[in-house]
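Read the structure below first, then the notes.
This structure is a prediction, so every number in the text was calculated from the model and none was measured. Residue numbers count from 1 along this sequence. Just so you know, ligand 1 is whichever comes first in the structure, and atom 1 is the first atom listed for that ligand.
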Amino acid sequence: MKALHFGAGNIGRGFIGKLLADAGIELTFADVSPALLDALNSRKGYDVHVVGEQATVEPVSNVNAVNSAGQDAINLIAEVDLVTTAVGPTVLEKIAPNVAKGLVLRHQQGNQKPLNIIACENMVRGTSQFKQHVFNALPEDEKAWVEAHIGFVDSAVDRIVPPAAAGTTDPLEVTVETFSEWIVDKTQFKGELPQIAGMELTDNLMAFVERKLFTLNTGHAITAYLGQQAGHATIRDAILDEKVRLVVRGAMEESGEVLIRRYGFDPEKHFAYIEKILTRFENPYLHDDVERVGRQPLRKLSAGDRLIKPLLGTQEYRLPNDNLIRGIAAAMHYRSEQDPQAKELVELLEKVGPKAALAQISGLPEDGEVVAKAVALYESMH
Ligand SMILES: NC(=O)C1=CN([C@@H]2O[C@H](COP(=O)(O)OP(=O)(O)OC[C@H]3O[C@@H](n4cnc5c(N)ncnc54)[C@H](O)[C@@H]3O)[C@@H](O)[C@H]2O)C=CC1
Ligand SMILES: O=P(O)(O)OC[C@H]1O[C@](O)(CO)[C@@H](O)[C@@H]1O
């Protein structure tokens, strides 16, 4: 079996690429970073540092890499059995035209074998969104063939993989936590279901996607935003701050009450899942900056993402949401010199004021109770 994985970054190298290579799949990474491409092609492998109570070093071998914008990537799409991505939600649209070209070539070459494409991003049904981008780039007369031969499979991906340790000069260095979970929607595959160790198949994906995104990612984002407010540089320092921890646990519980009602999760197991997540944030072996976890605040404050969607759920089921609102207020304070969305957020706040800015970003009604509460908290946090 052959696979092409877009994005040789943290999750690409530290999780999905590793899992595919471990399964004996012939793996090529597609990326745009010359440093990553050169290092992967010259060394054909790298070490994954798995850190926890017992640290291990797990080598990945027999991999190579191509430029994702070039003809090599197009040729591979015509040939491989599996395409995966971990590029970031905003990049999916950029890689779609080349993927579309590869699918057209696959058809022209008469390759009728099923191909499955799985986006491994922090998004609700990210592959379905990617499919829309690919279809926008496909000629009209190719769409029926692609629909018949290509599976677009949604997934949920969970493993905390911060950027390389400070001070390293190795572009392939990657350190991961021991926990990992990759769950894919088995109803969307074309052809035989692949059996890959570490890839779980489900026919109830939405429950898993929302459980992960609206628990781990909700709590993580609020840890980052409140942590930055309190002057903490890392997620560990932030979550060990009792004031931050109280709100983070509270927000995950508020979101959890929604998930329990929506998907029928067992409350006891769900609250244990929350406790486990708090210990993952505390991991003393990972250095994870609050700035990284809070990145792209406009995306994280958008209607379908980890802060607003759980809040809308609390309104739907008439449940408490004070901690979620506190998290939203803190998100409005996120600042980062490296992050264009953080700059855009500041500009919008200055231009239209916090009420209109939050309403515009989140889709919440400007004159509603939530916006009023969040803005009052935002102003009190100055
Ligand atoms: N790091 C983590 O702990 C987790 C991340 N995720 C999700 O995985 C995705 C990737 O995140 P990370 O690996 O942390 O980011 P990253 O920034 O480490 O990796 C992204 C990679 O994509 C590459 N890239 C950028 N533009 C590209 C293009 N046009 N074509 C091909 N490659 C391109 C970058 O050069 C980089 O190597 C995101 O959607 C994130 O939300 C999900 C779970 C865990
Ligand atoms: O990758 P995003 O969506 O910007 O958000 C950062 C989040 O993703 C992760 O990297 C992995 O789930 C978490 O560490 C964090 O909650």
Which of the ligand 1 atoms, numbered from 1, are nearer than 4.0 Å to a heavy atom of [X]:
X	value
Ala30	31 (C), 32 (N)
Ile95	28 (C), 29 (N), 30 (N)
Val157	42 (C), 43 (C)
Gly7	21 (C), 22 (O), 32 (N)
Leu36	37 (O)
Pro89	39 (O)

Of all the non-hydrogen atoms in the protein, which one sits nearest to [atom], and at what distance?
atom	answer
atom 10 (C) of ligand 1	Ala86 O, 3.5 Å
atom 19 (O) of ligand 1	Gly9 CA, 3.3 Å
atom 7 (C) of ligand 1	Asn122 N, 3.9 Å
atom 2 (C) of ligand 1	Ile11 CG1, 3.5 Å
atom 44 (C) of ligand 1	Arg159 O, 3.0 Å
atom 25 (C) of ligand 1	Val32 CG2, 3.9 Å
atom 26 (N) of ligand 1	Val91 CG1, 3.5 Å
atom 3 (O) of ligand 1	Val161 N, 2.7 Å

Tell me the contacting part of Arg295 for ligand 1: side chain, backbone, both, or neither, using a 4.0 Å heavy-atom threshold, strictly below.
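Side chain only.
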Which bit of Cys120 gets closer than 4.0 Å to ligand 1, counting heavy atoms only: side chain, backbone, both or neither?
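It is the backbone that gets close, since no side chain atom is under 4.0 Å.
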Give yes or no for whether the N/O distance cutoff of 3.5 Å, strictly under, is met between [X] and ligand 1.
X	value
Ile160	no
Asp31	yes
Glu121	yes
Ser68	yes
Ser33	no
Pro162	no

Tell me whether the NZ or CZ atom of [X] lies within the 45° cone about the ring axis of [Y] and under 6.0 Å from its centre.
X	Y	answer
Arg211	Tyr273	yes
Arg159	Phe179	no
Lys131	Phe135	yes

Angle between ring planes, His5 versus Phe29, binned at 30° and 60°: parallel, tilted or perpendicular?
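His5 vs Phe29 ring planes: perpendicular.
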Give me the ring orientation class for His270 and Phe265: parallel if the planes are under 30° apart, tilted from 30 to 60°, perpendicular past 60°.
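His270 and Phe265: parallel rings.
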Given the side-chain rings of Tyr378 and His333, with only the six-membered ring counted for Trp, is the space between their centroids under 6.0 Å?
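Between Tyr378 and His333, the centre distance is under 6.0 Å.
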Centre-to-centre under 6.0 Å for His133 and Phe130, is that the case here?
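Centroid separation for His133 and Phe130: 6.0 Å or greater.
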Would you please test Thr202 and Asn204 for side chain to side chain donor-acceptor pair (under 3.5 Å) and show each step?
CA-CA 5 Å; Thr202 182; Asn204 187 22; 5.6 Å; no
Would [X] count as a contact of ligand 1 if the rule is a heavy atom under 4.0 Å away?
X	result
Lys94	no
Arg292	yes
Gln296	no

Hey, what do you get for [atom1] ([X]) to [atom2] ([Y]), rounding to the nearest 0.5 Å?
X	Y	atom1	atom2	result
Ile308	Gln315	CD1	CD	9.5 Å
Glu344	Asp339	CD	CG	9.5 Å
Asn116	Asp81	CG	CG	9.0 Å

So do the side chains of Pro194 and Met199 get within less than 4.5 Å of each other, counting heavy atoms only?
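Sidechains of Met199 and Pro194: in contact.
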Can you confirm whether something in the protein, heavy atoms only, sits under 4.0 Å from atom 17 (O) of ligand 1?
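Neighbour list for atom 17 (O) of ligand 1 is empty of protein heavy atoms (cut-off 4.0 Å).
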Give a yes-or-no answer on whether the side chains of [X] and [Y] include a donor-acceptor pair shorter than 3.5 Å.
X	Y	result
Tyr263	Glu210	yes
Asn323	Glu254	yes
Asp289	His287	yes
Asp203	Thr187	no

Quick one: ligand 2 N/O to protein N/O pairs below 3.5 Å?
| residue | atom | partner | partner atom | Å |
| --- | --- | --- | --- | --- |
| ligand 2 | 1 (O) | Asn122 | ND2 | 3.2 |
| ligand 2 | 1 (O) | Arg295 | NH2 | 2.7 |
| ligand 2 | 3 (O) | Asn122 | ND2 | 3.1 |
| ligand 2 | 3 (O) | Arg299 | NH1 | 3.0 |
| ligand 2 | 3 (O) | Arg299 | NH2 | 3.4 |
| ligand 2 | 3 (O) | Arg306 | NH1 | 3.1 |
| ligand 2 | 3 (O) | Arg306 | NH2 | 3.0 |
| ligand 2 | 4 (O) | Arg295 | NE | 2.8 |
| ligand 2 | 4 (O) | Arg299 | NH2 | 2.7 |
| ligand 2 | 4 (O) | Lys300 | NZ | 2.8 |
| ligand 2 | 5 (O) | Lys300 | NZ | 3.1 |
| ligand 2 | 5 (O) | Arg306 | NH1 | 3.0 |
| ligand 2 | 8 (O) | Asn122 | ND2 | 2.7 |
| ligand 2 | 10 (O) | Arg292 | NH1 | 3.0 |
| ligand 2 | 10 (O) | Arg292 | NH2 | 3.2 |
| ligand 2 | 12 (O) | Lys212 | NZ | 2.9 |
| ligand 2 | 12 (O) | Asn217 | ND2 | 3.3 |
| ligand 2 | 14 (O) | His220 | ND1 | 3.0 |
| ligand 2 | 14 (O) | Arg292 | NH2 | 2.7 |
| ligand 2 | 16 (O) | Asn217 | ND2 | 2.6 |
| ligand 2 | 16 (O) | His220 | ND1 | 2.6 |

Quick one: does Arg13's side chain have a donor or acceptor within less than 3.5 Å of a partner on Leu172's backbone?
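At least one qualifying donor-acceptor pair exists.
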From Asp288, Leu216, Leu240, residue fulfilling side chain to side chain contact (heavy atoms under 4.5 Å, CB included) relative to Phe281
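Answer after filtering Asp288, Leu216, Leu240: Leu216.
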When you look at Asn122 and Lys212, which way does the side chain to side chain donor-acceptor pair (under 3.5 Å) test go after all the steps?
CA-CA 9 Å; Asn122 278 334; Lys212 190 261 169 171; 2.6 Å; yes
